[in-house]
Amino acid sequence: MTAPLAALQWDVFCRVIDNFGDIGVCWRLATQLAGQGQQVRLWVDDASALQWMAPDGCPGVDVRAWDAPVPAAHEAPPDVMLEAFGCEIAPEFIAYSAKQKISRGHKPVWINLEYLSAEAYVERNHRLPSPLLTGPAAGWTRWFFYPGFTPATGGLLREPDLMARREAFDRSAWRAAHAAAFGLCGIGPGHRWVSLFCYEPAALPDLLRQCQAQPTQLLVPPGRPTAAVQAVLAEGRSEIALQRLSDNREQLSISYLPHRPQAAFDEMLWACDFNAVRGEDSLVRALWAGQALVWHIYPQHDNAHHDKLWAFLDWLQAPASLRQFHATWNGLDSAPLQWPDDGTLSEWTACIAAARARLLTQDNLVAQLLGFVAEKR
Ligand code: TRH
């Protein structure tokens with residue numbers, strides 16, 4: 001049993017490759033560490049998305065530009081250095097940290113937090129050391145830390161009070177407020193609410209076409225999802241006329257959403273019967289939402305994402321219909337998209353709820369990181 005960790009100084013490093021997942025994951029990590037009484041400096045090369053993702057900031061989290069000077073003499077040096085997704089901490093910071101080590105006597109715990117995957121290598125590589133052989137930190141160890149879906153991995157980001165907030169969420173009130181804000185009328189209890197956070201799936205015209213067959217409220221976040229939907233509509237590929245900010249037409253109503261803070265993004269997922277998500281962070285949040293989902297996986301040039309997708313679906317114990325839906329949504333085969341009827345949707349929801357129940361028996365990522373650091377210090 002590891003003793004609880006005193007408040008430590010964490011330096012978290014994030015480089016934004018594209019989209020919002022890099023900073024989205026790092027922000028959740030930083031705030032959840034701060035929620036456990038830790039002090040966090042978040043070094044990021046592009047903090048622009050935080051303006052809408054986290055407009056109020058967070059006590060205990062100090063956001064710094066990637067190329068800002070190293071901490072001043074009166075500031076606490078790092079107890080933990082965590083680089084997200086192999087982003088390579090700046091040499092200046094490593095040199096600074098090595099100098100602090102000489103004066104303080106003990107070196108920081110250095111962690112490389114990896115991407116999320118359900119593939120088998122994750123369990124094998126989790127907690128492996130990588131000794132540094134050269135440079136000012138020669139002789140130190142960098143530790144690989146893998147998030148994941150099984151007890152032998154680092155787990156997933158989850159705030160301690162998340163499920164309580166999820167339970168207390170009033171879905172009807174959220175939907176009514178959304179309808180009022182978007183001037184929607186005629187949205188009854190029989191409507192299916194669907195969120196669409198995706199890249200540019202080839203099956204999007206099919207999805208839009210099939211959504212018209214029953215009363216559906218489609219929530220489309222800004223950026224690539226909105227552009228993708230509007231491109232389909234403009235080309236007439238789904239036989240729906242181009243719509244404005246929001247519109248009620250026949251059975252399908254589409255709302256184009258503005259960017260919203262992460263907590264509000266989560267609530268959108270809780271409010272829906274079906275969530276299309278993408279990347280890494282929104283997938284995890286959709287699992288916690290416990291509703292039926294489809295994952296648009298981040299595509300890699302060598303198609304490495306195919307194995308990653310199948311590994312996830314295996315872990316999920318996804319029924320055949322949900323596997324097929326993922327294959328089509330991700331362009332892995334050209335079978336027609338089969339939008340679920342009510343019975344199939346219930347089956348998918350039950351699958352996600354069961355997966356969530358398995359995950360809830362495991363420690364969350366921050367709890368595991370705290371335990372790991374306590375062990376290695
Ligand atoms: O945006 P993503 O596709 O991010 C990524 C990046 O592309 C990254 O390079 C890649 O490595 C990774 O995927 C796998 O999807 P993701 O991970 O779901 O991140 C989106 C974040 O944006 C998530 O934290 C939720 C947040 N978000 C909001 O908070 N409010 C919003 O309105 C929207 C649309 C998103």
Side-chain angles (χ1 to χ4, degrees), residues 12-32 42 44-58 61 83-88 112-119 122 146-149 156-159 162 174 178 181-182 194-201 218-229 255-272 275-289 293-302 304-309 311-312 329-330 365:
V12 174
F13 296 85
C14 172
R15 273 192 188 275
V16 175
I17 307 296
D18 57 8
N19 304 317
F20 313 127
D22 307 287
I23 188 62
V25 168
C26 289
W27 181 253
R28 288 206 201 266
L29 170 69
T31 56
Q32 289 175 36
L42 173 57
V44 55
D45 64 348
D46 178 2
S48 53
L50 290 180
Q51 282 169 17
W52 46 264
M53 207 180 269
D56 300 328
C58 172
V61 180
E83 55 188 320
F85 314 128
C87 69
E88 299 282 337
N112 181 13
L113 181 69
E114 280 291 343
Y115 286 107
L116 174 63
S117 175
E119 290 163 286
V122 167
Y146 281 81
F149 301 93
L156 299 176
L157 284 168
R158 167 168 51 86
E159 308 87 302
L162 180 66
W174 191 98
H178 174 89
F182 278 73
V194 174
S195 73
L196 186 68
F197 188 47
C198 57
Y199 305 117
E200 295 80 23
L218 189 65
L219 307 181
V220 186
R224 290 174 68 171
T226 286
V229 168
S255 310
Y256 297 108
L257 307 179
H259 276 126
R260 55 191 53 219
Q262 266 183 340
F265 180 83
D266 292 344
E267 289 190 348
M268 176 193 72
L269 301 177
W270 302 347
C272 287
N275 292 306
V277 285
R278 73 185 201 195
E280 178 166 325
D281 185 61
S282 56
L283 170 67
V284 174
R285 304 313 283 190
L287 285 168
W288 297 137
L293 65 84
V294 64
W295 181 28
H296 200 188
I297 192 168
Y298 185 79
Q300 290 166 266
H301 292 305
D302 51 3
H305 60 289
H306 292 192
D307 286 347
K308 188 169 170 173
L309 180 64
F312 170 71
W329 190 241
N330 283 282
L365 181 72

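Ligands are counted one by one from 1 in listed order, and the atoms in each one are counted from 1 as well. Heavy atoms only: backbone and side chains are in, while hydrogens, waters and symmetry mates are out. All figures in this text were calculated on a predicted structure; none of them were measured in a lab.
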**Asked** Please state which protein non-hydrogen atom is closest to atom 11 (O) of ligand 1 and give its distance, to 0.1 Å?
**Response** Y115 CE2, 3.2 Å
**Request:** Return yes or no for this condition: an N or O of R260 is under 3.5 Å from an N or O of ligand 1.
**Result:** yes
**Message:** Below a 4.0 angstrom heavy-atom separation, can you tell me which part of W52, side chain or backbone, both or neither, approaches ligand 1?
**Reply:** side chain
**Item:** Region of F197 engaging ligand 1 - heavy atom pairs below 4.0 Å
**Value:** side chain
**Prompt:** Within the distance-only criterion (no hydrogens, no angle test), does the side chain of D281 pair as donor or acceptor with the backbone N or O of G24 below 3.5 angstrom?
**Reply:** no
**Prompt:** Looking at P221 and L196, what are the two nearest heavy atoms and their distance?
**Reply:** CD-O, 3.0 Å
**Request:** Could you tell me the residue and atom name of the protein heavy atom closest to atom 9 (O) of ligand 1, and the distance to it rounded to 0.1 Å?
**Result:** D18 OD1, 2.6 Å
**Message:** One residue to check: P221. Relative to ligand 1, which of side chain, backbone, both or neither has a non-hydrogen atom less than 4.0 Å away?
**Reply:** side chain
**Prompt:** Does F20 reach ligand 1 with a nitrogen or oxygen that is under 3.5 Å from one of the ligand's nitrogen or oxygen atoms?
**Reply:** yes
**Message:** Looking only at protein heavy atoms, which one is nearest to atom 23 (C) of ligand 1, and what is the separation?
**Reply:** D281 OD2, 3.1 Å
**Prompt:** Are D22 and R15 ion-paired here, with the side-chain N under 4.0 Å from a carboxylate O?
**Reply:** no
**Request:** Check each heavy atom of F265 against ligand 1 and say whether those closer than 4.0 Å belong to the side chain, the backbone, both or neither.
**Result:** side chain
**Request:** Please indicate whether any nitrogen or oxygen in R28 is less than 3.5 Å from any nitrogen or oxygen in ligand 1.
**Result:** no
**Prompt:** What atoms in ligand 1 come closer than 4.0 Å to a heavy atom of Y199?
**Reply:** 2 (P), 3 (O), 13 (O)
**Item:** Within-shell test, F85 vs ligand 1, heavy atom, strictly < 4.0 Å
**Value:** no
**Asked** Below 3.5 angstrom, do we get any N/O pair linking Y298 and ligand 1?
**Response** no
**Message:** I'd like to know if D18 pairs up with R224 as an ion pair, taking the criterion as any Lys NZ or Arg NE/NH1/NH2 lying under 4.0 Å from an Asp or Glu carboxylate oxygen.
**Reply:** no
**Request:** Take V277 and L269 through the side chain to side chain contact (heavy atoms under 4.5 Å, CB included) test and state the conclusion after the steps.
**Result:** CA-CA 9 Å; V277 285; L269 301 177; 4.1 Å; yes
**Prompt:** Is the shortest distance from a Lys or Arg side-chain nitrogen in R285 or E159 to a carboxylate oxygen in the other one below 4.0 Å?
**Reply:** yes
**Prompt:** With atoms numbered from 1 as shown, which atoms in ligand 1 lie under 4.0 angstrom from a non-hydrogen atom of E280?
**Reply:** 13 (O), 14 (C), 16 (P), 17 (O), 18 (O)
**Message:** salt bridge (charged side-chain N to carboxylate O under 4.0 Å, His left out), that's the test. Do R28 and D266 meet it? Break it down for me.
**Reply:** CA-CA 12 Å; R28 288 206 201 266; D266 292 344; 3.1 Å; yes
**Asked** How close does the nearest protein non-hydrogen atom get to atom 13 (O) of ligand 1, and which residue and atom is it?
**Response** G279 CA, 3.4 Å
**Asked** Of the protein's non-hydrogen atoms, which lies at the shortest distance from atom 26 (C) of ligand 1, and what is that distance?
**Response** M53 CE, 3.8 Å
**Item:** Option with minimal heavy-atom separation from atom 8 (C) of ligand 1, where the choices are D266, I297, D22, V25
**Value:** D22
**Asked** Parallel, tilted or perpendicular: which fits the ring planes of F149 and F312, with parallel below 30° and perpendicular above 60°?
**Response** tilted
**Message:** Are the side chains of I23 and M53 in contact, using a 4.5 Å heavy-atom criterion?
**Reply:** yes
**Message:** Using the rule ring-ring contact (aromatic ring centres under 6.0 Å, His included), only one of Y115, Y146, F13 pairs with F85; which is it?
**Reply:** Y115
**Request:** Output, in order, the C-alpha distance, side-chain angles, deciding distance and verdict of side chain to side chain contact (heavy atoms under 4.5 Å, CB included) for F20 and W27.
**Result:** CA-CA 10 Å; F20 313 127; W27 181 253; over 6 Å; no
**Complete:** Of all protein heavy atoms, the one nearest atom 2 (P) of ligand 1 is R278 NE, 3.4 Å
**Asked** Run the side chain to side chain contact (heavy atoms under 4.5 Å, CB included) check on H296 and F197 step by step: do they pass?
**Response** CA-CA 8 Å; H296 200 188; F197 188 47; over 6 Å; no
**Prompt:** Which atoms of ligand 1 sit under 4.0 Å from any heavy atom of Q262?
**Reply:** 24 (O), 29 (O)
**Fill in**
Looking only at protein heavy atoms, what sits closest to atom 18 (O) of ligand 1 is S282 OG, 2.6 Å
**Face-on cation placement of R158 at W288 ring, 6.0 Å and 45° thresholds** = yes
**Asked** Which protein heavy atom lies closest to atom 19 (O) of ligand 1, and at what distance to 0.1 Å?
**Response** G21 CA, 3.2 Å
